[in-house]
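Here the structure comes first, spelled out in structure tokens, and everything after it is commentary.
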There are 2 protein chains.
Amino acid sequence: MFKKWLKVFSQCDLFKGINPEELNLVFNCLKPKVSNYEKNDWVAVAGEKFTGLGVVLAGEVVVVKENAAGNRVIIAVNTPGEMFGEMAAFSGEGVWPVSVTARTACTVMFLPAGKIVGNCEMLCASHRLLVTNLLEIVSHKALMLHRKVEYLAIKSLRGKISTFLLENYKKMGKPTFLLPLKRNELADFLNVSRPSLSREMCRLRDEGVIDFHRESIKIREVNALRNMAE
Amino acid sequence: MFKKWLKVFSQCDLFKGINPEELNLVFNCLKPKVSNYEKNDWVAVAGEKFTGLGVVLAGEVVVVKENAAGNRVIIAVNTPGEMFGEMAAFSGEGVWPVSVTARTACTVMFLPAGKIVGNCEMLCASHRLLVTNLLEIVSHKALMLHRKVEYLAIKSLRGKISTFLLENYKKMGKPTFLLPLKRNELADFLNVSRPSLSREMCRLRDEGVIDFHRESIKIREVNALRNMAE
DNA sequence: CAAAATCGGTAACCAGGGTTACCAAAATAC
DNA sequence: GTATTTTGGTAACCCTGGTTACCGATTTTG
């Protein structure tokens with residue numbers, strides 16, 4: 001029944017380390033529900049009862065969050081092998097925190113959260129692996145969010161730029177390196193406007209703290225940067 | 001050996017649903033290391049090899065993050081029963097992302113991450129419960145962080161206030177309710193200054209959008225608020 | 001009950017950074 | 001090769017919100 005999706009499963013972090021035969025046992029145990037959707041169908045609606053961890057098998061879905069103003073903000077576009085609802089699944093909240101719609105005709109598998117963490121009478125090893133994979137995925141996501149919070153909480157543009165540069169300096173190990181983001185991407189990441197970012201970087205250059213040309217950058221005064229971070 | 005800490009374990013989310021006898025089996029399996037620290041000792045140092053999920057048994061520890069500037073920022077103060085390192089433990093990073101110091105003389109138990117998710121030959125049910133508890137804890141944390149990111153990413157003070165009020169309105173179900181936070185707490189939560197928050201709330205009142213006195217608040221124009229959120 | 005601390009509204013001042021618009025350099029398309 | 005698009009630097013304008021300081025109302029302490 002799930003044979004046709006094996007290729008998808010093989011590149012899905014959720015099933016990492018679980019071979020096809022074991023996967024069959026896991027599915028026997030979890031009894032996932034597979035549903036097909038037409039383009040623009042609702043796969044999940046925010047506020048409604050949580051139906052389970054979603055795994056996209058074919059097509060594409062869009063995860064959207066409705067903010068307080070009622071606007072829809074796209075959180076992610078998920079392609080085959082990707083998941084949605086993994087944070088909500090085990091946090092004890094019983095409803096979808098986001099909505100999911102079909103961007104194209106698609107097929108989605110729902111793994112019931114209760115059965116994933118519930119007592120499986122078979123106690124199969126792979127089922128166990130599934131849970132630890134999930135733990136790893138969610139932990140990773142939490143760390144990413146934590147990092148994002150750190151950047152967003154910095155109030156001055158100088159502080160954001162300095163923090164970003166120092167973090168990259170540390171990662172690269174040398175004071176001259178290539179920025180991993182273009183100006184407008186960096187502006188987005190730091191949650192500031194592009195011209196403001198440009199202006200401030202030039203000021204830093206005028207002050208002799210850094211030097212740059214396009215994506216190549218050189219840190220001249222590490223300590224000055226450190227003083228400005230935070 | 002762990003008998004003296006049973007009271008602590010009983011109020012620790014990590015061990016929820018695991019009774020004392022089972023707990024003993026789990027500890028037999030995990031072989032946690034218990035260490036004592038003097039006041040101001042380093043319990044963990046950012047960047048050094050990860051030693052395991054920490055559980056405070058006695059005393060208090062401070063979790064600090066060193067930012068790029070080298071300043072230390074207190075992330076949390078943990079008392080008996082509380083944990084640290086739960087996100088780092090399973091995200092695959094091998095080093096401590098934060099430092100932990102002893103605020104008072106204290107006792108800390110380290111559960112080796114590898115053994116928690118590793119193959120336990122006994123496959124004990126409680127061990128399994130431990131992992132699912134962890135999954136729940138980390139998921140919950142991730143959701144909280146996600147929510148925090150949403151607020152921090154809003155640029156205007158009006159937007160933040162409106163979003164906060166609308167979210168509470170939705171939760172309470174009626175347009176008149178009590179604010180769950182004091183002004184300075186709310187200012188902290190929204191990452192703005194207290195006088196600015198006050199000023200903007202008064203403007204909203206002058207415009208007839210809301211009405212308030214101290215902690216009691218009334219939303220008069222829901223739609224106006226919605227337009228201002230985001 | 002009086003003293004002290006906390007809480008929250010108000011006002012003046014001003015700096016940081018958003019906005020807009022324009023232009024030059026570089027990359028890409030045709 | 002030229003044309004087009006993308007990328008990024010620059011400048012002027014001005015609005016939002018931080019800062020500081022003060023004061024009255026409330027709550028807490030003893």
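In what follows, every chain begins at residue 1, and chains take the letters A, B, ... in the order their sequences are listed.
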Next on the checklist: Can you see if the side chain of B:Asn184 gets near the phosphate of C:dT6 - specifically, an N or O under 4.0 Å from OP1 or OP2?
Outcome noted: no

Specify the separation, in whole Å, of atom [atom1] of [X] and atom [atom2] of [N].
X	N	atom1	atom2	value
B:Lys182	C:dG8	NZ	C1'	11 Å
B:Ile161	C:dG8	CD1	P	14 Å
B:Glu215	C:dG8	CD	C1'	11 Å
B:Ile217	C:dG8	CD1	C1'	13 Å
B:Glu185	C:dC7	CD	C1'	11 Å
B:Leu179	C:dG9	CG	P	10 Å
A:Arg183	D:dG9	CZ	C1'	9 Å
A:Leu181	D:dT6	CG	P	19 Å

Next on the checklist: Exactly one of A:Arg194, A:Lys160, A:Arg158, A:Arg183 should register a salt bridge (charged side-chain N to carboxylate O under 4.0 Å, His left out) with A:Glu200. Which one does?
Outcome noted: A:Arg158

Next on the checklist: Using the side chain to side chain donor-acceptor pair (under 3.5 Å) criterion, which residues pair with B:Asn36? Sequence neighbours excluded.
Outcome noted: B:Thr107

Checklist entry - Mind checking whether A:Phe84 and A:Trp96 have parallel, tilted or perpendicular rings, split at 30° and 60°? => result tilted

Item to check | SB check B:Lys170 B:Glu167 (cutoff 4.0 Å) | outcome: no

Checklist entry - Within a strict 4.5 Å, meaning less than it, do heavy atoms of the B:Asn191 and A:Lys155 side chains meet? => result yes

Checklist entry - Which comes earlier along DNA chain C counting from the 5' end, the contact point of A:His213 or that of B:Met201, where each point is its nearest nucleotide? => result B:Met201

Side-chain polar contacts of residues 209-217 of chain A - donor-acceptor pairs under 3.5 angstrom, sequence neighbours left out - could you list them?
{"unit_1": "A:Asp211", "atom_1": "OD2", "unit_2": "A:Arg220", "atom_2": "NH1", "d": "2.9"}
{"unit_1": "A:Ser216", "atom_1": "OG", "unit_2": "A:His213", "atom_2": "O", "d": "3.1"}

Checklist outcome for this item: With sugar-phosphate taken as primed atoms, P, OP1 and OP2 and all else as base, the protein-contact string of nucleotides 10-22 of chain C at under 4.0 Å (heavy atoms; B, S, -) is B-B----BBBB--

